[in-house]
Amino acid sequence: MPAGLDEKLEPVYQHVLRRNPGETEFHQAVREVLESLGPVLVKYPEFAEQKIIERICEPERQIIFRVPWQDDRGQVQINRAFRVEFNSALGPYKGGMRFHPSVYLGIIKFLGFEQIFKNALTGLPIGGGKGGSDFDPKGKSDSEIMRFCQSLMTELYRHIGEYTDVPAGDIGVGQREIGYLFGQYKRITNRYESGVFTGKGLDWGGSCARTEATGYGTIFFVQEMLKARGQSLDGKTCVVSGSGNVAVYAIEKAMALGARVIACSDSDGVIVDQDGIDLDLLKQIKEVERRRISAYAQERPGVSYLEDGNIWTVPCDVALPCATQNELTGKDAETLVKQGCIAVAEGANMPTTPEGIRFFLEAGIAYGPGKAVNAGGVATSALEMQQNASRDSWSFEYTEQRLREIMINIHRTCYETSAEFGVPGNYVVGANIAGFVKAARAMVALGLI
Ligand code: GLU
């Protein structure tokens, strides 16, 4: 049974369901936020008068377009792309582009909706947006990726800009894709407008530590959650789902802080390496060779590869879902807690199902939701925008220090807000309320727009 909604919020949620049929991930993301907001309406009656919740659930603008491109055999291919410009009360729309066959409007809207609150939590001037395409980069050649990106940008360029909407990467979109997208934007507009995209390469306007930021930020948040409970990462056993950019740099920072990371995964299977993951080998396979995680087990004796395996069956102290939405179910949550897991932090967006979240909260373990935990990525994007605006570039150490401070602040804000609303240590309530209140106050101030 889902938790109840406040009687004022139930009709708002029903309205969202009716207006957005079939978009189940979007419904899930909205419900999770609304479940936290009952007490906020009591404290801030102006939010109800101004219909802030109804307004925040409706994107300011949604763009859906065709992306035609030619594959290496000369065949014409058609994909669909999206950019959902959700909320710009705090700054230009900001959020990544996702290329994955599962992408449809409901996924982009859930991501764009969460991005509003995540971006608000960073304390930096960025609104919320998200985009993507059902294009599957898996198995595509470099020139196919380039042609696809160029075609996509030939439409998208007219909707974005450094003061309007600033995309970045997400699943399936890394520095290579951002290069092709930014290159086409530059060509069409005849402007070297660095601030229109983040996640750029270091040679062409990117920021140090942006690549590492989501993973590192995740671990900084874990450190703070554990510190609040008188614990540390040193000596803890960690399991990290995924093996993309977020997972790799979460593993790197966790290991640097003395944790033992023994498992990671991709959509085909799981590797368990009891000696601790060999990070150089993992990076070589994933970042350089772009191979599947099964190659790791082939290269290293003694590693087990579980084809189609469930990573949450591997016993650990700290679980870090860093792959994708709804990858950790209620049953997985039960298994983790039963096997001694004391902390869960989400490097991915909405990786835990509502049943899983409820289980973690009821079990009283430290549970950090994605919109707080993985905000270091977009926060460092905002730092990249700052550097671009001042035509400057900061050192790795300085940028990482700024990221660390931002994550410590986000943790403190979430913790204090949870305490203020009577549920100390409930980071779901803390993140939802703190992120919402910041965006909502700006919306009230800016009037009915
Ligand atoms: N895609 C990332 C996220 O989910 C980063 C977005 C950005 O840097 O704009 O927050």
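Numbering of ligands and ligand atoms starts at 1, following listing order. When a residue number appears, it is its place in the shown sequence, counting from 1.
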_G169 versus ligand 1: do any nitrogen or oxygen atoms come within less than 3.5 Å of each other?_
yes
*Any N or O on N374 sitting closer than 3.5 Å to an N or O of ligand 1?*
no
*Among R210, E384, M97, K371, which one has a heavy atom closest to atom 5 (C) of ligand 1?*
R210
Tell me: protein heavy atom nearest [atom], and distance?
atom: atom 8 (O) of ligand 1; answer: S381 OG, 2.6 Å
atom: atom 6 (C) of ligand 1; answer: G96 N, 3.6 Å
atom: atom 9 (O) of ligand 1; answer: K94 NZ, 2.7 Å
atom: atom 10 (O) of ligand 1; answer: K118 NZ, 2.7 Å

*Over 60° means perpendicular and under 30° means parallel, so classify the ring planes of F182 and W204, tilted if in between.*
parallel
*What is the ring orientation for F47 with Y44, classed by angle as parallel under 30°, tilted 30 to 60°, or perpendicular over 60°?*
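F47 and Y44: parallel rings.
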*State, without any angle test, whether E162 and N388 hold a side-chain donor-acceptor pair at a distance under 3.5 Å.*
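Side chains of E162 and N388: no pair found under 3.5 Å.
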*For ligand 1, indicate whether the residue N349 contacts it via side chain, backbone, both or neither (heavy-atom separation under 4.0 Å).*
side chain
*Side chain or backbone of Q115 under 4.0 Å from ligand 1, or both, or neither, by non-hydrogen atoms?*
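Side chain only; the backbone of Q115 stays clear of ligand 1.
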_I'd like to know if K130 contacts ligand 1, where contact means a heavy-atom distance under 4.0 Å to any ligand atom._
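A heavy atom of K130 does come that close to ligand 1.
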*Can R55 and E58 be said to form a salt bridge (charged side-chain N to carboxylate O under 4.0 Å, His left out), step by step?*
CA-CA 5 Å; R55 275 157 66 189; E58 181 72 17; over 6 Å; no
_More than 12 heavy atoms from other groups under 6.0 Å of CZ on R187_ =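 Not buried by this count: 12 neighbours or fewer within 6.0 Å.
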*Test the K140-F135 pair against the cation-pi criterion, namely NZ or CZ under 6.0 angstrom from the six-membered ring centroid and within 45° of the ring axis.*
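Satisfied, under 6.0 Å and within 45°.
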_Applying salt bridge (charged side-chain N to carboxylate O under 4.0 Å, His left out) to K236 and D317, what does each step give before you reach the verdict?_
CA-CA 6 Å; K236 297 283 186 303; D317 301 310; over 6 Å; no
*Going by the order shown, which atoms of ligand 1 are within less than 4.0 Å of some heavy atom of A168?*
7 (C), 8 (O), 9 (O)
*State whether R358 and E35 are salt-bridged, where the test is any N-O pair (Lys NZ or Arg NE/NH1/NH2 against Asp/Glu carboxylate O) under 4.0 Å.*
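Here R358 does not pair with E35 in a salt bridge, since their nearest N and O are not under 4.0 Å apart.
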